[in-house]
Amino acid sequence: MDKELQELIDGLNEDLANEYAAVIMYTYNAAVVSGMYRQVLKPFFEGEISDEQEHAMYLSEKISVLGGTPTTKPAEVKQLADVHEMLKEARRAEKATIDRYEKRKKQAANLNMTELVVKLEDLISDETHHMEEMDRLLSDPRLS
């Protein structure tokens with residue numbers, strides 16, 4: 001297998017592990033969030049789960065199509081109890097995902113994989129929206 005293609009597949013597997021972790025993180029956060037923000041944040045966290053699952057499904061299929069084996073192991077997930085820390089960690093994870101997808105987009109472009117480039121742009125758009133929502137939630141001074 002071509003070295004550039006293998007590097008792309010390895011990167012996509014890293015992305016997949018982080019999408020799995022995002023599903024776990026948002027599921028965990030929805031289950032344990034408490035206090036006066038529970039009524040707002042529980043459905044918010046639950047709503048993020050399906051987006052991350054769709055991203056994971058796409059990445060799994062793409063890795064397979066490219067000749068790789070999709071990982072089944074998630075990246076590490078922090079178990080936080082503080083609402084502010086949950087949101088900060090979720091925001092950090094979204095930003096890291098955007099940065100990885102930008103790198104993956106360049107790798108795919110170098111391999112002339114137009115469909116993958118376009119899909120990564122869609123994923124970047126989704127993750128940017130998630131990050132902006134975290135920013136808006138974190139702007140509440142009562143959460144500090």
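Positions are given from 1, in the same order as the sequence printed here.
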A.B. asks: Measuring from atom OG1 of T128 to atom CD of E121, what distance do you get when rounded to the nearest 0.5 angstrom?
C.D. replies: 11.0 Å
A.B. asks: Locate the shortest heavy-atom distance separating A30 from R38; write the atom from each residue and the value.
C.D. replies: O-NH1, 3.4 Å
A.B. asks: Can a salt bridge be assigned to the pair K103 and D99 using a cut-off of 4.0 Å between side-chain N and carboxylate O?
C.D. replies: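 Salt bridge: no.
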A.B. asks: Rounded to the nearest 0.5 Å, what separation is found between the CG atom of D126 and the OG1 atom of T97?
C.D. replies: 11.5 Å
A.B. asks: Measure the CG-CG distance between L5 and N110 for me, rounded to the nearest 0.5 Å.
C.D. replies: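 Answer for the CG-CG pair, L5 versus N110, is 12.5 Å.
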A.B. asks: So if I apply the side chain to side chain contact (heavy atoms under 4.5 Å, CB included) rule between I63 and each of L8, D15, L16, D10, which one comes out positive?
C.D. replies: L16
A.B. asks: Looking at K88 and E85, does any basic side-chain N land under 4.0 Å from a carboxylate oxygen?
C.D. replies: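 Yes, charged N to carboxylate O under 4.0 Å.
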A.B. asks: List the steps, then state whether side-chain contact (heavy atoms from CB on, under 4.5 Å) holds for E48 with E94.
C.D. replies: CA-CA 11 Å; E48 298 295 306; E94 297 294 354; 4.3 Å; yes
A.B. asks: Report yes if the side chains of S125 and Y101 come closer than 4.5 Å at any heavy-atom pair, otherwise no.
C.D. replies: no
A.B. asks: With salt bridge (charged side-chain N to carboxylate O under 4.0 Å, His left out) as the test, would you mind laying out the steps for K3 and E7 before giving the verdict?
C.D. replies: CA-CA 6 Å; K3 182 180 180 225; E7 288 174 357; 3.5 Å; yes
A.B. asks: Salt bridge check, K119 against E115: does any charged N sit closer than 4.0 Å to a carboxylate O?
C.D. replies: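 Here E115 does not pair with K119 in a salt bridge, since their nearest N and O are not under 4.0 Å apart.
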A.B. asks: Do L41 and L137 have side chains that approach each other closer than 4.5 Å (heavy atoms only, starting at C-beta)?
C.D. replies: yes
A.B. asks: Sub-3.5 Å donor-acceptor pair from the side chain of N18 to the main-chain atoms of E14, do we have one?
C.D. replies: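 Yes, N18 side chain to E14 backbone: donor-acceptor pair under 3.5 Å.
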A.B. asks: For the residue pair Y37 and R142, establish whether any side-chain heavy-atom pair is separated by less than 4.5 Å.
C.D. replies: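 Yes, side chains in contact.
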A.B. asks: Same cluster for Y58 and L66 if Ile/Leu/Val/Met/Phe/Trp/Tyr side chains link at under 4.5 Å?
C.D. replies: yes
A.B. asks: Can you name the nearest heavy-atom pair linking Y26 to I49, along with the distance?
C.D. replies: CB-CG1, 3.7 Å
A.B. asks: What I want to find out is whether K106 reaches E102 closely enough, with some N-O distance under 4.0 Å, to be called a salt bridge.
C.D. replies: no
A.B. asks: Supply the atom-to-atom distance K105 NZ to L123 CG, rounded to the nearest 0.5 angstrom.
C.D. replies: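 Here the rounded value is 11.5 Å.
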A.B. asks: Between atom NE2 of H130 and atom NE2 of H55, what is the distance when rounded to the nearest 0.5 Å?
C.D. replies: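 H130 atom NE2 to H55 atom NE2 measures 6.0 Å (nearest 0.5 Å).
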A.B. asks: Group every Ile, Leu, Val, Met, Phe, Trp and Tyr by side-chain heavy-atom contacts under 4.5 Å, then state whether V118 and V65 land in the same group.
C.D. replies: no
A.B. asks: Rounded to the nearest 0.5 Å, what's the gap from CG on D2 to CD on Q6? Could you check?
C.D. replies: 9.5 Å
